[in-house]
Amino acid sequence: MEKSFEPAQIESTWYARWEASGAFKPSGKGDPYCILLPPPNVTGTLHMGHAFQQTVMDMLVRYQRMRGMNTLWQVGTDHAGIATQKIVENQLAVEDKTRHDLGRDAFVERVWKWKEESGSTITNQMRRIGAAADWSRERFTMDPGLSAAVQKVFIDWYRAGLIYRGNRLVNWDPVLGTAVSDLEVNNVERDGHMWSIRYDVVDPQPGELDHLVVATTRPETMLGDAAVAVHPEDERYKKLVGKQLRLPLTGRSIPVIEDDYVDKDFGTGCVKITPAHDFNDYAMGQRHGLAQYNIFTLDAKIVSDKDWAVNASKPGGSGRVRSKYFDTATDIGIPAKYQGLDRYDARKIVLADLKELDRLVETKPHKLQVPVSDRSDAVIEPMLTDQWFVDLTSDMLADGRPGGRQAITQPALDTVRSGEIKFVPENWTTTYTQWLDNIQDWCISRQLWWGHRIPAWYDEAGNIFVGEDEADARKSATIAPVGALRQDDDVLDTWFSSALWPFSTLGWPANGPVKNERGEVVANWEQDKIFLPSAVLVTGFDIIFFWVARMVMATKYFTGQVPFREVYINAIVRDAEGQKMSKSKGNTLDPLDLIDGIELEPLVAKSTKSLLIPQVREKVEKRVRKDYPDGIPAIGTDALRFTFAALASYSRTINFDIKRAEGYKAFCNKLWNAARFVLMNLPEGEIAAPAGSPVTEAERWIITRLKQTLGEVEQHFVTYRFDHLAQALYEFTWNELCDWFLELSKPALNGDDAIAAASTRHTLLVVLESVLRALHPIIPFITEEIWQSVALKLGLSEGSLMQRPWPRADEIVADDAATAEIEWFKNVLSGIRRIRSEMNISPAKAIPLLLADGDASDRARVAKFAAQIAFLGRTEAPQWINSGADEPAAAAAVVGTLRVMIPLAGLIDLGAEKARLAKEITRIEVEIKKCEGKLGNANFVANAPAEVVTQERQRITDWNTTLTALREQAQKLG
RNA sequence: GGGUGCUUAGCUCAGCGGUAGAGCGUCGCCCUUACAAGGCGGUGGUCGUAGGUUCGAUCCCUACAGCACCCACCA
């Protein structure tokens with residue numbers, strides 16, 4: 001083995017060998033254990049969040065595989081409709097083209113091409129992380145099999161009445177030109193204004209109000225006002241309810257209505273109602289039967305008569321914006337001067353005109369929540385459009401069949417409420433159930449070209465025909481189509497296909513094998529359905545609604561099963577200061593840069609590459625140079641993975657500190673060198689197991705500690721406490737195996753007792769091999785590399801560590817007596833070391849060692865460990881001082897009643913030792929006082945559990961023993 | 001407005017009813033033949049504030065303060 005651990009060398013070969021060996025595929029033996037990879041965007045690249053999440057999944061998968069489970073890690077990628085389409089549109093923009101220049105078919109073809117080019121980037125990055133996933137079953141949400149599942153689900157739900165098409169107010173992204181779901185809209189606080197506008201009463205009565213003042217943040221929408229609402233109990237306006245108001249600028253007259261929704265005390269207590277462009281107003285419009293004046297085009301300009309004609313001329317799919325009541329913009333009173341203006345330009349002009357007319361009463365600054373598209377940052381425009389929805393809210397359909405709440409939403413709630421699906425940490429249950437309790441119907445149609453095209457056709461009368469293809473749609477229709485059929489232009493929300501992931505990837509709905517584009521079998525429902533439900537879903541809280549809930553809905557509905565038994569919500573990865581990682585802040589980390597390392601200049605170039613604004617570039621460059629003056633050191637995959645494990649508590653964020661990762665690289669190096677030590681102490685060839693149990697206490701102790709550690713690790717796997725699990729293995733490996741057992745083995749290996757030496761050699765080998773197995777799920781590369789050498793010694797020349805069983809605690813025999821012996825030894829040695837260190841005795845200098853008092857067991861132990869004490873304590877052979885004999889002045893440590901002494905002569909300052917003793921005595925006196933305080937309290941003795949009282953009594957006894965010995969020592973010093 | 005977290009050593013975090021822990025940092029001594037990416041030893045905390053429950057509270061309860069995040073949203 002090389003002298004130090006070099007991750008790059010080790011990592012380069014192992015992954016390919018594992019994958020080629022077929023070790024990532026289900027074994028076909030044992031109980032099924034399945035994990036679904038949240039499919040990343042096919043054209044994406046790996047970020048820290050992915051790396052963390054995938055490390056978690058990989059640890060679970062590797063662990064369970066070693067435990068003998070029939071393990072499937074189902075991988076694949078997502079077509080990510082909007083995101084992917086946008087990337088390709090941006091590419092076209094460079095050529096000064098739009099998707100419309102290409103046309104639908106050519107554009108979609110181009111996206112496929114881009115998918116082929118970049119689709120392997122992220123999967124190759126996953127391989128660098130070490131993800132032991134079954135790539136032979138890799139899927140893509142738009143591959144034929146999954147597309148078939150999407151189609152069947154759409155058709156089945158449609159035929160069950162659970163998918164419907166409706167003209168509804170939806171969130172419209174005017175930049176992307178598509179509807180988006182509620183979840184894809186973020187409300188962002190922005191500085192704006194509140195404008196108060198005067199609306200005059202038509203034919204005011206003498207002595208009554210002749211106008212109302214409405215307050216609005218969006219004055220341009222007044223062109224579409226349908227009413228002004230006041231609160232029913234608002235005395236100020238009571239008399240005006242039912243009267244008409246003259247809408248400024250348009251001249252239309254609109255009614256004053258009353259509605260509970262209005263807050264009397266906010267603003268003037270009068271609200272302008274624009275049913276076609278505001279969700280609350282829409283609802284109020286429905287309650288009061290108000291007209292819906294649609295005043296915007298799909299790119300958020302004020303409609304013109306021209307647009308109107310265009311829109312009105314097309315039935316069905318593309319005639320998307322339709323007023324139910326009016327035919328032209330002029331008809332609804334939009335003056336020609338506003339027609340065709342962008343919404344913000346219109347706002348300026350409307351305000352100017354209102355001011356001109358003396359209708360603008362007040363302008364004041366106002367902070368408001370602006371709905372912004374998650375995907376384009378465009379301000380969302382609520383828009384009345386024809387869209388497809390999944391019914392999630394009706395209890396029963398008109399024809400008596402179960403509605404969406406009953407058929408889809410409620411089962412999804414019940415499975416979680418009943419505990420059939422468990423969230424880890426469990427408080428996410430509340431988030432999940434509260435969202436489902438308040439859910440709205442799901443808008444699933446998107447006006448994009450990249451995605452699953454909706455399997456619906458329209459005839460010339462606008463009738464809808466749904467089927468697998470046009471022929472099937474015709475066949476299953478109950479009415480004869482009028483004229484030709486035309487397929488719906490829309491595609492489905494990306495999350496629609498993601499919702500099916502748990503069962504579509506297993507081959508549903510096909511009866512036989514499902515093949516991919518290359519003709520390879522990727523799934524077979526009849527066989528693979530054993531992997532449903534999967535064991536655990538590892539995912540971020542940000543997609544509980546988008547994905548988790550919808551998987552539960554769809555999987556439960558179509559298979560009757562839950563998609564997974566547990567949902568482990570992983571933490572969000574942030575930078576070392578707890579800041580969100582973002583490119584514009586310059587605090588992102590590329591996991592591959594951590595693995596491979598990167599020099600400062602390439603890192604600066606990379607970090608600023610995609611930043612267009614000079615100020616931001618400058619800021620980012622500054623930050624990168626400050627944070628990484630020497631670039632990023634290569635820490636390797638294993639150290640990165642160990643860091644993720646060590647940080648994965650139940651906390652909802654983890655702050656990634658490179659310092660910490662470097663610490664775990666040191667751990668890898670430690671393991672590497674421990675292995676070197678073991679191997680260089682073994683003779684050539686295979687090592688036969690000695691007859692009988694391990695000879696020395698040290699061996700039996702380390703085996704006992706191994707058992708305890710493994711038991712803890714097993715438990716932490718059950719509860720997903722990767723931090724504890726990693727820490728337990730870290731501490732065992734470093735603080736016990738390396739610090740103590742390896743050191744203790746040295747005198748044994750080099751001593752005269754050949755039997756003890758042989759036994760120790762074998763124990764070193766066996767314990768090392770067990771540790772490698774136990775650590776393999778966390779740090780697969782280094783453990784595999786070392787294991788190859790270790791395996792030869794054990795006669796396991798074939799195969800890979802991946803295929804070894806995980807070392808189970810219950811297969812190991814504990815020896816508590818040996819543990820007590822070694823604890824005693826550690827105390828003695830620590831005492832000696834402390835004296836040496838505090839008295840500044842050179843570590844190289846061998847010193848005399850005297851022993852006094854103590855009992856028979858101390859004598860036996862000293863005899864037994866004499867060589868180890870001398871070797872590790874750098875002392876001469878221990879000498880006992882008989883009770884009552886003269887003692888030289890010495891520094892002492894106390895272990896029970898035993899005094900371990902280093903004579904002062906020429907080594908130690910008497911005063912310093914006295915001071916040291918005094919300090920120790922004081923400390924123990926304080927402890928004793930605390931104990932006495934407790935035991936002196938009758939209530940404590942009466943109420944505390946018996947074992948706590950006993951324990952307290954034991955402690956006071958022990959402290960007193962130590963105190964007595966220390967006092968005696970102090971007295972001897974004079 | 002509804003919900004969920006967090007506040008413990010200089011930093012980042014575990015612990016969660018019964019002697020305050022880890023990593024990193026820091027200080028001292030050592031290149032001791034597995035490892036200086038190391039060894040040995042040390043320093044460092046009235047566990048956000050105020051009450052309460054309890055024999056006993058960092059841990060449970062209540063209030064408050066500060067910091068995050070999610071959902072909904074008053075024009």
Side-chain angles (χ1 to χ4, degrees), chain A residues 1 3-5 182-183 187 194 214-218 221 228-229 261-263 265-274 278-281 366 368-369 425 427-428 430-431 434-435 438 541-542 544-545 572 576-578 580 633 635 639 643 646-647 649-660 662-681 721 723-724 727 730-731 735 738-739 742-743 746 829-830 833-838 840-844 871-872 874 927 930-931 933-934 937-945 947-949 951-952 955 959:
Chain A
M1 284 173 78
K3 180 147 189 197
S4 65
F5 157 64
D182 301 343
L183 292 173
N187 288 305
M194 180 78 85
V214 299
T216 180
T217 54
R218 298 202 56 194
T221 63
V228 168
Y261 162 78
V262 179
D263 180 350
D265 303 320
F266 187 88
T268 57
C270 304
V271 188
K272 64 188 269 311
I273 304 301
T274 317
D278 180 283
F279 287 95
N280 289 314
D281 293 6
H366 180 73
L368 68 160
Q369 299 287 323
N427 58 280
W428 292 107
T430 316
T431 305
Q434 287 185 352
W435 184 69
N438 298 297
F541 74 85
D542 50 332
I544 289 177
F545 308 144
I572 300 297
E577 278 93 47
K580 228 177 197 166
I635 62 159
T643 311
L647 293 173
S649 67
Y650 281 172
S651 165
R652 55 177 63 182
T653 58
I654 62 175
N655 299 347
F656 190 89
D657 188 347
I658 212 167
K659 286 269 177 56
R660 188 125 181 198
E662 286 169 19
Y664 292 120
K665 187 187 178 190
F667 174 72
C668 291
N669 189 53
K670 189 77 181 175
L671 177 66
W672 182 263
N673 278 291
R676 279 182 63 225
F677 171 81
V678 172
L679 291 167
M680 73 174 52
N681 276 291
R721 286 307 299 261
D723 57 335
H724 287 166
Q727 194 177 351
Y730 181 100
E731 281 175 3
N735 303 128
C738 292
D739 287 352
L742 260 48
E743 294 306 320
K746 287 173 184 173
L829 201 65
S830 298
R833 283 172 170 172
R834 206 172 304 122
I835 292 169
R836 291 194 79 114
S837 181
E838 288 180 13
N840 275 326
I841 302 167
S842 157
F871 178 78
L872 296 179
R874 288 242 155 185
E927 293 296 339
K930 276 199 232 164
C931 289
K934 278 192 185 177
N937 181 344
N939 283 325
F940 172 75
V941 180
N943 294 322
E947 71 255 30
V948 175
V949 178
Q951 182 195 318
E952 209 63 24
R955 281 186 58 210
W959 286 129

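Predicted model, so just to flag it, every value in this text is computed and none were measured. Letters A, B, ... mirror the listed sequences (proteins, then strands); counts begin at 1.
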For B:A34 and A:K746 - does any side-chain N or O of the residue sit under 4.0 Å from the phosphate oxygens OP1/OP2? yes
Is the phosphate of B:A37 approached by A:K3 (side-chain N or O, under 4.0 Å from OP1 or OP2)? no
Rounded to whole angstrom units, what separation is found between the CG atom of A:N673 and the C1' atom of B:C35? 4 Å
Both distances under 3.5 Å, Watson-Crick or G-U wobble: on that basis, could you give the dot-bracket string for RNA chain B, with [ ] for crossing pairs and | for other-strand partners? ((((((((.[[[[.)..(..]]]].(((((.......))))).....[[[[[..)....]]]]])))))))....
List every contact pair, protein side and nucleotides 19-26 of chain B side both N or O, where the distance is under 3.5 Å.
residue: B:U19; atom: O2; partner: A:R955; partner atom: NH2; Å: 3.1

If you look at every strand shown and take non-hydrogen atoms under 4.0 Å, does A:E743 touch a base, only sugar-phosphate, or nothing? base
By nearest-heavy-atom nucleotide on RNA chain B, the more 5' of A:F871 and A:S649 is A:S649
For A:R874 and B:G41, give me the distance from atom CZ to atom C1', rounded to whole Å. 16 Å
To the nearest angstrom, how far is A:K665 atom NZ from B:G38 atom C1'? 14 Å
Does a side-chain N or O from A:T653 land closer than 4.0 Å to OP1 or OP2 of B:A68, or not? no
Just checking, any donor-acceptor pair under 3.5 angstrom between side chains of A:E731 and A:Q727? yes
What is the distance from CG of A:N943 to C1' of B:G17, rounded to the nearest Å? 14 Å
Find every protein N or O atom lying less than 3.5 Å from an N or O atom of nucleotides 69-73 of chain B, and list the pairs.
residue: B:C73; atom: O3'; partner: A:N280; partner atom: ND2; Å: 3.1
residue: B:C73; atom: N4; partner: A:Q369; partner atom: OE1; Å: 3.2

Between A:N669 (CG) and B:A37 (P), how many Å, whole number? 8 Å
Does A:R833 or A:I654 map to a spot on RNA chain B nearer the 5' end, using the closest nucleotide for each? A:I654
Nearest-angstrom distance from the residue atom CG of A:L671 to C1' of B:C35: 11 Å
Under 4.0 Å between any heavy atoms, over every strand shown, what does A:C931 touch: base, sugar-phosphate, or nothing? Just pick one. nothing
B:U32, B:C40, B:A75: which one has an atom nearest the side-chain heavy atoms of A:F266? B:A75
Between A:R721 and B:G15, is there a contact of a side-chain N or O with OP1 or OP2 at under 4.0 Å? yes
Using whole Å, report how far CH2 of A:W672 lies from P of B:A37. 17 Å
Quickly work out the A:N427 CG to B:U4 P distance and round it to whole Å. 8 Å
